Protein chains: 2
Amino acid sequence: MEAYKIPMNLRAAYLSMHRQTNAHLARFGVTADQFVCLLILAEEDGIIQQELVKRATSDPNTIRAMLVLLEKRGLVVRAPHPRDGRARIVTITEEGRQIFAELVSALEPVRNRLTAQIPEADAKTLNELLRRVVEAME
Amino acid sequence: MEAYKIPMNLRAAYLSMHRQTNAHLARFGVTADQFVCLLILAEEDGIIQQELVKRATSDPNTIRAMLVLLEKRGLVVRAPHPRDGRARIVTITEEGRQIFAELVSALEPVRNRLTAQIPEADAKTLNELLRRVVEAME
DNA sequence: TATTGTTATACTCTATAACTATA
DNA sequence: TATAGTTATAGAGTATAACAATA
């Protein structure tokens with residue numbers, strides 16, 4: 001079906017990436033989705049849970065479950081928001097950053113395979129086109 | 001993180017598509033992944049379960065669970081392979097094809113949104129780049 | 001009234017390993 | 001020995017709705 005070529009390739013690309021990411025992170029006891037949380041926090045720390053939900057394209061329950069696990073392991077901290085009593089500010093800890101660096105290292109083969117058959121210029125194009133898809137789906 | 005732009009956009013694009021697909025199919029009691037099974041079978045009927053696993057980028061357990069459900073609803077049939085006693089040939093039923101047509105119809109808004117901000121020529125490029133990613137990840 | 005987050009619940013998908021029956 | 005499929009089990013992610021606290 002012509003109309004489902006992009007959806008099916010999008011699916012295959014994501015699922016393969018997700019599966020290989022989980023496989024490479026298994027020895028750390030971290031899932032691909034937990035890694036996404038850490039990635040977002042490593043880039044912009046001190047955001048509230050709801051913001052994390054948006055950026056991770058996730059939902060409140062899932063993010064909460066992940067944060068509880070990550071907090072138990074001392075990788076993140078959830079602190080009360082100083083001005084909004086409802087919100088919780090999430091921060092990655094120093095230990096979280098250290099482990100995150102190891103995870104990024106362990107994922108090098110996956111990153112390399114992902115764009116192995118795509119030249120630099122095309123990678124930019126791919127990213128831009130995906131960004132437009134995301135924008136349209138919001 | 002520069003290296004995670006494509007992965008994160010790939011993730012957001014897939015998850016949004018998947019979520020919206022599930023939402024639009026909910027009233028039929030069919031999941032996005034079950035739809036993928038039907039799509040594959042509607043295109044090339046009479047393949048064995050293992051082949052379905054490969055094409056759906058899935059695993060034996062997941063595919064089996066889906067097929068059992070779809071078979072209970074009379075949408076597919078699993079018959080013994082005439083020459084290989086281990087294998088099962090999966091076929092979509094006439095009722096399966098009818099419902100599949102309705103599902104495709106119900107998903108029109110999702111398909112449209114997906115490429116809403118991408119001209120025809122760019123859609124071809126996107127598909128080709130995704131195909132290369134899939135190829136590299138195998 | 002609307003929003004942030006939690007709790008409870010149920011279901012789907014995923015991964016592993018052990019098993020059978022066939023090849 | 002290897003392969004197709006099943007069974008059992010456990011865990012992770014998802015969706016919904018009801019709720020408390022706060023804005």
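A quick note: this is a predicted structure, and the numbers were derived from the prediction, not measured. Every chain is numbered from 1 and lettered A, B, ... according to where its sequence line falls, protein lines coming before strand lines.
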Undergrad: Between B/M66 (CE) and D/dG5 (P), how many Å, whole number?
TA: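 In whole Å, D/dG5 P lies 15 Å from B/M66 CE.
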
Undergrad: From the list D/dA4, C/dG5, C/dA15, which nucleotide is the closest neighbour of the side chain of B/R86?
TA: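 For B/R86, the side-chain atoms sit closest to D/dA4.
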
Undergrad: Mapping B/D59 and B/D84 onto DNA chain C by nearest heavy atom, which one lands closer to the 5' end?
TA: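 The 5'-side residue here is B/D59.
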
Undergrad: I want to verify a distance call: between C/dT7, D/dA23, C/dT14, whose nearest atom is closest to the A/L15 side chain?
TA: C/dT14

Undergrad: As a test of reading the structure: which of C/dG5, C/dC13, D/dA21 is closest to the side chain of B/D33, going by heavy atoms?
TA: C/dC13

Undergrad: Does D/dT6 have OP1 or OP2 under 4.0 Å away from a side-chain N or O of B/Q49?
TA: yes

Undergrad: Rounded to the Å, how far apart are A/R88 CZ and C/dT3 C1'?
TA: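 Distance check: A/R88 CZ to C/dT3 C1' gives 16 Å.
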
Undergrad: OP1 or OP2 of C/dT14 versus the side-chain N and O atoms of B/S58: is any pair under 4.0 Å?
TA: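 Checking C/dT14 against B/S58, a side-chain N or O does come within under 4.0 Å of OP1 or OP2.
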
Undergrad: Calculate the interatomic distance between A/Q20 atom CD and C/dT14 atom P; express it in whole Å.
TA: 15 Å

Undergrad: Which sits closer to the 5' end of DNA chain D, A/G85 or A/N61, going by the nucleotide each is nearest to?
TA: A/N61

Undergrad: Answer with base, sugar-phosphate or nothing: what part of the nucleic acid does B/N22 contact at a heavy-atom distance below 4.0 Å?
TA: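 It contacts nothing in the nucleic acid.
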
Undergrad: A/Q50 or B/H18: which one's nearest nucleotide on DNA chain C is closer to the 5' end?
TA: A/Q50

Undergrad: For the pair made of CG in A/L69 and P in D/dG11, what is the distance, rounded to whole Å?
TA: 11 Å

Undergrad: Do the side chains of B/H18 and B/N22 get nearer than 4.5 Å, heavy atoms only?
TA: yes

Undergrad: Closest to the A/A87 side chain: C/dT4, C/dT6, D/dT6?
TA: C/dT4

Undergrad: Around atom CD of B/E108, are there more than 12 heavy atoms from other residues, nucleotides or ligands closer than 6.0 Å?
TA: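 Check fails, neighbour count at 12 or below.
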
Undergrad: Are the charged groups of B/K124 and B/E128 less than 4.0 angstrom apart, N to O?
TA: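 Here B/K124 does not pair with B/E128 in a salt bridge, since their nearest N and O are not under 4.0 Å apart.
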
Undergrad: May I have the distance from B/K54 (atom NZ) to D/dG5 (atom C1'), rounded to whole angstrom?
TA: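 Atom-to-atom, B/K54 to D/dG5, this comes out as 14 Å.
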
Undergrad: Counting only side-chain heavy atoms from C-beta out, which of C/dT7, C/dG5, D/dT6 sits nearest to A/R64?
TA: C/dT7

Undergrad: Can you tell me the distance, in whole Å, between the CD atom of A/Q34 and the C1' atom of D/dG11?
TA: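 In whole Å, D/dG11 C1' and A/Q34 CD are 11 Å from each other.
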
Undergrad: OG1/A/T62 to CG/A/L67 distance, rounded to the nearest 0.5 angstrom?
TA: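 The distance works out to 10.5 Å.
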
Undergrad: I need the single residue from A/L41, A/I47, A/D45 that forms a side chain to side chain contact (heavy atoms under 4.5 Å, CB included) with A/T91. Which is it?
TA: A/D45

Undergrad: If I take atom CG in residue B/L67 and atom C1' in nucleotide D/dT7, what distance separates them, rounded to the nearest angstrom?
TA: 16 Å

Undergrad: Check this for me, if you would: do B/D59 and A/R19 make a salt bridge, where the nitrogen-to-carboxylate-oxygen distance has to be below 4.0 angstrom?
TA: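 Between A/R19 and B/D59 there is no salt bridge, as every charged N stays at least 4.0 Å from the carboxylate O atoms.
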
Undergrad: Determine the contact category for A/T31: base if any of its heavy atoms lies under 4.0 Å from a base atom, sugar-phosphate if only primed atoms, P, OP1 or OP2 are that close, otherwise nothing.
TA: sugar-phosphate

Undergrad: State which of D/dA23, C/dG5, C/dA15 makes the closest approach to the side chain of A/R19.
TA: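 Selected nucleotide: C/dA15.
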
Undergrad: When the distance from CG of B/L25 to P of C/dT12 is rounded to whole Å, what number comes out?
TA: 14 Å

